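Read through the structure below, which is laid out as structure tokens, and then see the notes.
Predicted model, so just to flag it, every value in this text is computed and none were measured. Here, residue 1 is the first one in the sequence, and each next residue gets the next number.
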Amino acid sequence: MQVMKCWLAAAALTAASLAHAADPERIVVPYAVGGITDLYGRVLAEKLQAGQSHPILVDNRPGGGGAIGTAFVSKSAGDGKVLLLGSVGTATNPAMIKALPYDPKDLQPVAQVAISPLVLYVRADLADTLPKLVDYARQSPGRLSFANSGVGSSPNLAAALFARELGLKVTHVAYRGTSAAINDLLGGQVDAYFDTPQAMNHVTTGRIRALAVAGPQRLPQAPDVPTLDELGTPNVHASSWWGIFVSAKTPPAEVQALQQKLAKVVADPAVQQRANEMGAIAVYRDQAAFQSFFDSEVQRWSAIIAAEHLSAQP
């Protein structure tokens with residue numbers, strides 16, 4: 001009998017362990033391995049699991065401009081174990097994708113964890129000031145070409161907003177990802193590109209120029225680059241950003257506990273440094289502040305998407 005009790009106890013522990021292994025805590029990154037979202041997701045996972053007896057996995061589920069991974073999280077159990085590292089696409093996909101594979105109401109924001117205001121880069125031989133770039137565009141409507149990392153991406157939306165605010169006619173050239181876009185800018189095949197500060201290393205080599213920051217403040221990674229606000233174009237604010245989302249079914253207590261963990265993680269000097277190296281700024285906004293920010297992003301970019309007639313497939 002004693003042997004039987006021991007066997008049953010061991011079996012129960014094994015079953016619990018297997019159940020836990022089958023449904024681990026995870027951060028779903030709705031993009032491929034190697035990009036800034038993936039890299040920052042791994043930083044967050046490493047810090048969140050500190051002090052825990054089990055790991056937090058980074059679960060890459062790319063496709064559909066982030067819609068596939070987002071759909072997975074929206075349909076999860078709502079137990080606080082499945083997190084989405086969302087970005088601008090989380091705000092824009094409902095306007096971009098007609099057959100969205102999830103209901104946006106099935107997600108809830110938890111906290112913002114990073115932001116990266118975009119920088120306007122141009123070919124080094126094209127213009128060394130914003131007025132010269134604008135004059136070039138006005139002299140030959142449609143000649144100024146803007147690269148982007150995909151239709152509806154942050155660089156695409158930033159360029160569209162920039163052109164609309166200044167009354168310019170430009171040509172948008174879509175690429176599959178940032179690397180291809182920046183490579184053609186470096187090669188002179190396109191004229192301009194809105195990107196994160198990660199491209200500043202090419203500025204130091206003289207291959208491209210950084211004309212302005214599309215944000216209200218100068219960047220720590222590029223303190224000498226003025227903002228568009230300073231240059232008289234105050235309504236062109238565009239950034240990449242990242243935030244944690246969970247299923248709308250997640251209980252408030254779970255959300256509150258997760259907020260507290262994320263606040264500590266984002267404040268960690270090591271996380272601040274890692275974000276800076278990636279061309280981002282680790283910032284924390286709690287659920288209420290992040291919800292307000294997210295709603296403003298949805299409203300602002302949905303208007304640009306409609307005006308530019310942008311669309312994508314899931």
Give a yes-or-no answer on whether the side chains of T37 and W242 include a donor-acceptor pair shorter than 3.5 Å. yes
Main chain of S76, side chain of K249: is a donor-acceptor contact present, judged purely on distance under 3.5 Å? yes
Residue pairs, two or more places apart or on separate chains, that pass side chain to side chain donor-acceptor pair (under 3.5 Å) and touch residues 85-96: Y31-S87
Is there a side chain to side chain contact (heavy atoms under 4.5 Å, CB included) between D195 and V119 once you walk through the steps? CA-CA 5 Å; D195 194 16; V119 178; over 6 Å; no
Between V134 and L166, is the side chain to side chain contact (heavy atoms under 4.5 Å, CB included) condition met? List the steps. CA-CA 8 Å; V134 174; L166 291 169; 4.0 Å; yes
Strictly distance-based, threshold 3.5 Å: is any side-chain N or O of S292 a donor or acceptor partner for the main-chain N or O of A289? no
Kindly indicate whether the side chain of S74, heavy atoms from C-beta on, has any atom under 4.5 Å from the side chain of S247. no
Residues at least two apart in sequence or cross-chain that pass salt bridge (charged side-chain N to carboxylate O under 4.0 Å, His left out) with R164, listed by chain then number, are E308
Transitively linked via ILVMFWY side-chain contacts under 4.5 Å: L126 with V225? yes
Any chance CD of Q189 has more than 12 other-residue heavy atoms, nucleotides or ligands included, within less than 6.0 Å? yes
Using the rule that Ile, Leu, Val, Met, Phe, Trp and Tyr join whenever any side-chain heavy atoms are under 4.5 Å apart, tell me whether V298 and L107 fall into a single cluster. yes
Q108: which residues meet the side-chain contact (heavy atoms from CB on, under 4.5 Å) condition with it, sequence neighbours left out? V246, T250, V255, Q287
Any heavy-atom pair between the side chains of Q112 and Y284 that's under 4.5 Å? no
Qualifying residues under salt bridge (charged side-chain N to carboxylate O under 4.0 Å, His left out), relative to R300, sequence neighbours excluded: E297
Using side-chain hydrogen bond (donor to acceptor under 3.5 Å, both in side chains), reason through Q291 and D295 one step at a time and then give a plain yes or no. CA-CA 6 Å; Q291 179 74 70; D295 291 344; 2.9 Å; yes
Evaluate the side-chain proximity of L310 to L157: yes if any heavy-atom separation is below 4.5 Å, no if none is. yes
Backbone of D229 reached by a side-chain donor or acceptor of T233 within 3.5 Å: no
By salt bridge (charged side-chain N to carboxylate O under 4.0 Å, His left out), D128 pairs with (sequence neighbours left out) K132
Pairs satisfying side chain to side chain donor-acceptor pair (under 3.5 Å), at least one member in residues 207-219, at least two apart: R218-E230
Please determine if R123 and D125 form a salt bridge, counting it only when a charged side-chain N lies under 4.0 Å from a carboxylate O. yes
Side chain to side chain contact (heavy atoms under 4.5 Å, CB included) between V82 and I27, intermediate numbers included: CA-CA 6 Å; V82 180; I27 295 178; over 6 Å; no
Y40 side chain reached by V29 side chain, heavy atoms, under 4.5 Å: no
Got L219 and T227 here, is their nearest side-chain heavy-atom distance under 4.5 Å? no
Distance (rounded to the nearest 0.5 Å) between L48 CG and L262 CG: 5.5 Å
Between CD1 on residue I244 and CG on residue L84, distance to nearest 0.5 Å: 7.0 Å
V88 and V110: same hydrophobic cluster, using ILVMFWY side-chain contacts below 4.5 Å? no
Which residue pairs pass the salt bridge (charged side-chain N to carboxylate O under 4.0 Å, His left out) test with at least one member in residues 50-65, sequence neighbours excluded? R26-D59, D59-R61
Between the side chains of Q272 and D268, does any donor sit under 3.5 Å from an acceptor? no
Under a 4.5 Å side-chain heavy-atom rule over Ile, Leu, Val, Met, Phe, Trp and Tyr, are Y175 and Y121 clustered together? yes
Approximate separation, where rounding is to 0.5 Å, of I208 CD1 and M200 CE: 8.0 Å
Not counting sequence neighbours, which residues clear side-chain contact (heavy atoms from CB on, under 4.5 Å) with Q52? List them please. E25, Q49, H54, I56, K261
Could you tell me whether the side chain of V122 reaches within less than 4.5 Å of the side chain of Y193, counting heavy atoms only? no
Can you pull the salt bridge (charged side-chain N to carboxylate O under 4.0 Å, His left out) pairs that have at least one residue in residues 278-289, sequence neighbours excluded? none
Side chain to side chain, F194 and F146, heavy atoms closer than 4.5 Å: yes
For the atom pair CG (D79) and CD (E254), what is the distance rounded to the nearest 0.5 Å? 7.5 Å
Tell me whether Q221 contacts the main-chain N or O of A280 through its side chain, where contact means a donor paired with an acceptor under 3.5 Å. yes
Pairs involving residues 139-150, ordered by first then second residue, that meet side chain to side chain donor-acceptor pair (under 3.5 Å) (sequence neighbours left out): Y136-R143, S145-D191, S149-S153
Please test V58 against D38 for side chain to side chain contact (heavy atoms under 4.5 Å, CB included), starting from the C-alpha separation and ending with a verdict. CA-CA 8 Å; V58 173; D38 172 62; 3.9 Å; yes
Rounded distance [0.5 Å steps], NE2 in H237 versus CG in L118: 11.5 Å
Sequence neighbours left out, what passes side-chain hydrogen bond (donor to acceptor under 3.5 Å, both in side chains) with N183? Give chain and number order. none
F294 and F245: aromatic ring centres closer than 6.0 Å? yes
Under a 4.5 Å cut-off applied to non-hydrogen side-chain atoms, are S311 and M96 in contact? no
Pairwise distance CG(N156) to CG(L161) - rounded to 0.5 angstrom: 11.5 Å
Set of salt bridge (charged side-chain N to carboxylate O under 4.0 Å, His left out) partners for D106, sequence neighbours left out: none
Does I115 share a hydrophobic cluster with V113, counting links as ILVMFWY side-chain heavy atoms below 4.5 Å and allowing steps through other members? no
